[in-house]
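A short worksheet on the structure shown next.
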Amino acid sequence: MEHYPAFLNLNGQPCLVVGGGKGAGRKVATLLQAGAHVTVVSPELDHELGLTLKQYPQCTTHHARKFTDDDINGAYLIIAAT
């Protein structure tokens, strides 16, 4: 691997996760640990991810629908986890 790992200061930054499964749940958990404000776009959520979002209502948002191009507006980091 030439280069990939990146260290980003995500404290207070708006981040988008597209997807609602177990992989998305892991990404959301690490983003929250980094202090990010996380928006999840997915018609359905894995049970664990749903619990995580309920546990952190002040720094998470869920849009229960399919992704649209407008979802990326204002996002500092975007993760596709579908």
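Val40 places none of its side-chain heavy atoms less than 4.5 Å from the side chain of Thr61.
Smallest separation of non-hydrogen atoms from His37 and Gln58: ND1-O, 4.1 Å.
Atom OH of Tyr76 has more than 12 heavy atoms from other residues, nucleotides or ligands within 6.0 Å.
To the nearest 0.5 Å, atoms CZ (Phe67) and CD1 (Ile78) are separated by 7.0 Å. Atom CD of Glu44 and atom CG of Asp46 lie 10.5 Å apart (nearest 0.5 Å). Taking NZ of Lys54 as the reference point, atom NE2 of His62 lies at 11.0 Å (rounded to 0.5 Å).
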Name the atoms and distances for all side-chain donor-acceptor pairs under 3.5 Å in residues 11-35, with sequence neighbours left out.
from, atom 1, to, atom 2, distance (Å)
Thr30, OG1, Arg26, O, 3.4
Thr30, OG1, Lys27, O, 3.0

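Val41 and Tyr56 fall into different hydrophobic clusters, where Ile, Leu, Val, Met, Phe, Trp and Tyr are joined by side-chain heavy atoms under 4.5 Å apart, directly or via other members. Residues Leu51 and Leu45 fall into different hydrophobic clusters, defined by Ile, Leu, Val, Met, Phe, Trp and Tyr side chains chained together at heavy-atom separations under 4.5 Å.
Applying the salt bridge (Lys or Arg N to Asp or Glu O under 4.0 Å) test to every pair with at least one member in residues 63-81, sequence neighbours left out, gives these pairs: Arg65-Asp71.
A donor-acceptor contact shorter than 3.5 Å is absent between the side chain of His63 and the backbone of Thr39.
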